[in-house]
Amino acid sequence: MGCCVNCFNDKDLISYIKRRGVVDKCCYCESDNVKCLTEENLKVLFEGVFDLYTKCDNVFEEHYRVKNKIPQPESLVSLMQEDWNIFNGELLDNKNIAKVIYNISPEIFDFSSEALASVWYRESDRYYGYFTNKDWEIFCNNIKHKCRFNYNDIDENGFDPNQVFDKELFGYAHNQIKKGMILYRARDGYIIDKVKGVIKPFPPKKMGIPNNRIISNGGRANPPGINYLYTSDDISTVLSEIRAWKGSINSVAKIAITKDLEIFDLTNKFEIISPFFTMFSSLRKEIEVISILNAFANDLSKPVNPNISAIDYIPTQYICELIKVVGFEGIKFKSSLGNGNNIIFFTDENVRIREVKLVQVKNISYESDEYVSQV
Ligand SMILES: [Zn+2]
């Protein structure tokens, strides 16, 4: 009885059935002598997936759908296959897939072949379901132009970082930087020793966090007036980050980490391997968190551009502060200018500036592609 390993494509589900199933004949693809799992046992795994879709009777008028750019409704079978490629389409036709789905959770259907009727939407497309990276864009716009210092008071549904950045999410992105690790910080330029007629790197005390009296426009992570320590894990990345030009002479400090530090790590690949076995309490939450973390990581990696307004940095500054106040000591993310990673520290209490050397940039390589206007 039940459904067998051959009926599915999802590797994690297949290995689960291999472990938990019993050898039998499959009711759907008719494979014999294979590991099968009953519909009842599959139900608990499928609940998170079914939760992403909603059935629409005639409430969704066409003009509203077109106006809000909501895709046409489809069958539940095609949505689930497009999004997750769960079932083995070579062995099961759509009718059989609909039968499996119905038998797993008959109570969500009015009739047995309803999973084949074109009345299903993704809740995210209908935009009253879970949020995706378009909610990140709404958040960015709100915090720049509507409400900044008390964002949780904003009277709108959707993504509220104060709710979403919770214990579960912080645990997911948590990592450690070990004591003894060496990082680099670069500053454009050097000092001139007029007596000896030579140039020297900046002294170590000038290579830590800039004094808070030095008010810059802020960066992707730090707001104006609150300075952080920007480091990278290799020398060419740190030089790329300060946009050192060919021939320029720069001061580069070696930064040693003096104790194990808890950091928020955005260099992990945030992705869902299987919809059935999630890191979070629900699949819906995992989709939300991953989409927000990827949008945040992407914005944090964008190079600081002197031609854009300082308010464009506010969304990432806001999130960085949420991460800081729960006790993380820094944030690690991929550099978009070099091949390495950047690590930003909120304080320089647990780092020691070991030595500072002068380096001269020998070469810079650029890759380009023809620009095609989107408009
Ligand atoms: Zn089967």
Side-chain angles (χ1 to χ4, degrees), residues 1-57 71-126 129-130 132 172 269-291:
M1 290 299 284
C3 200
C4 80
V5 283
N6 297 338
C7 284
F8 297 105
N9 286 326
D10 188 281
K11 287 195 179 71
D12 287 359
L13 183 58
I14 291 169
S15 53
Y16 183 82
I17 299 173
K18 279 183 182 162
R19 285 196 313 275
R20 299 287 181 91
V22 289
V23 175
D24 209 333
K25 184 173 179 181
C26 175
C27 302
Y28 302 96
C29 74
E30 296 184 347
S31 305
D32 204 357
N33 221 7
V34 282
K35 282 280 180 93
C36 297
L37 201 63
T38 63
E39 291 82 354
E40 201 186 351
N41 286 327
L42 287 166
K43 182 176 180 162
V44 63
L45 300 172
F46 272 80
E47 273 169 352
V49 181
F50 292 146
D51 181 46
L52 306 178
Y53 305 98
T54 190
K55 191 168 50 181
C56 254
D57 303 319
Q72 294 261 15
E74 290 181 50
S75 74
L76 183 58
V77 172
S78 66
L79 288 173
M80 281 172 64
Q81 285 296 79
E82 269 171 48
D83 292 350
W84 307 106
N85 191 25
I86 293 170
F87 298 96
N88 180 355
E90 284 175 19
L91 268 187
L92 297 178
D93 61 14
N94 284 352
K95 240 175 158 177
N96 262 321
I97 296 173
K99 206 164 123 192
V100 183
I101 294 174
Y102 177 78
N103 288 338
I104 289 172
S105 239
E107 71 284 352
I108 61 173
F109 300 99
D110 290 333
F111 52 95
S112 61
S113 62
E114 203 177 17
L116 284 175
S118 297
V119 291
W120 297 85
Y121 291 87
R122 293 178 184 94
E123 290 217 353
S124 57
D125 286 339
R126 286 193 60 181
Y130 51 94
T132 59
Y172 182 56
K269 206 165 169 36
F270 298 125
E271 61 182 5
I272 296 171
I273 308 293
S274 163
F276 302 108
F277 305 95
T278 53
M279 304 278 295
F280 285 80
S281 47
S282 72
L283 175 60
R284 183 184 280 247
K285 176 150 189 191
E286 185 147 317
I287 294 171
E288 291 180 335
V289 167
I290 285 175
S291 114

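The chain is numbered in sequence order, starting from 1. Atoms within a ligand are numbered from 1 in the order they appear, just like the ligands themselves.
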Checklist entry - With the Zn ion (ligand 1) at the center, what angle do SG from C26 and SG from C29 span, rounded to 10 degrees? => result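 Rounded to 10°, it measures 110°.
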Could you tell me whether any N, O or S atom belonging to [X] is less than 2.8 Å from the Zn ion (ligand 1)?
{"X": "C36", "result": "no"}
{"X": "C4", "result": "yes"}
{"X": "C3", "result": "no"}

Next on the checklist: Can you tell me if K99 has over 12 outside heavy atoms packed within less than 6.0 Å of its NZ?
Outcome noted: no
Item to check | Over 12 foreign heavy atoms within 6.0 Å of CD, E271 | outcome: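 Yes, because the 6.0 Å sphere around CD of E271 holds more than 12 heavy atoms from other groups.
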Item to check | Option among Y28, F87, W84 that satisfies the ring-ring contact (aromatic ring centres under 6.0 Å, His included) test with F8 | outcome: F87
Checklist entry - Which of parallel (below 30°), tilted (30 to 60°) and perpendicular (above 60°) describes Y16 and F277? => result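 Rings of Y16 and F277: tilted, 30 to 60°.
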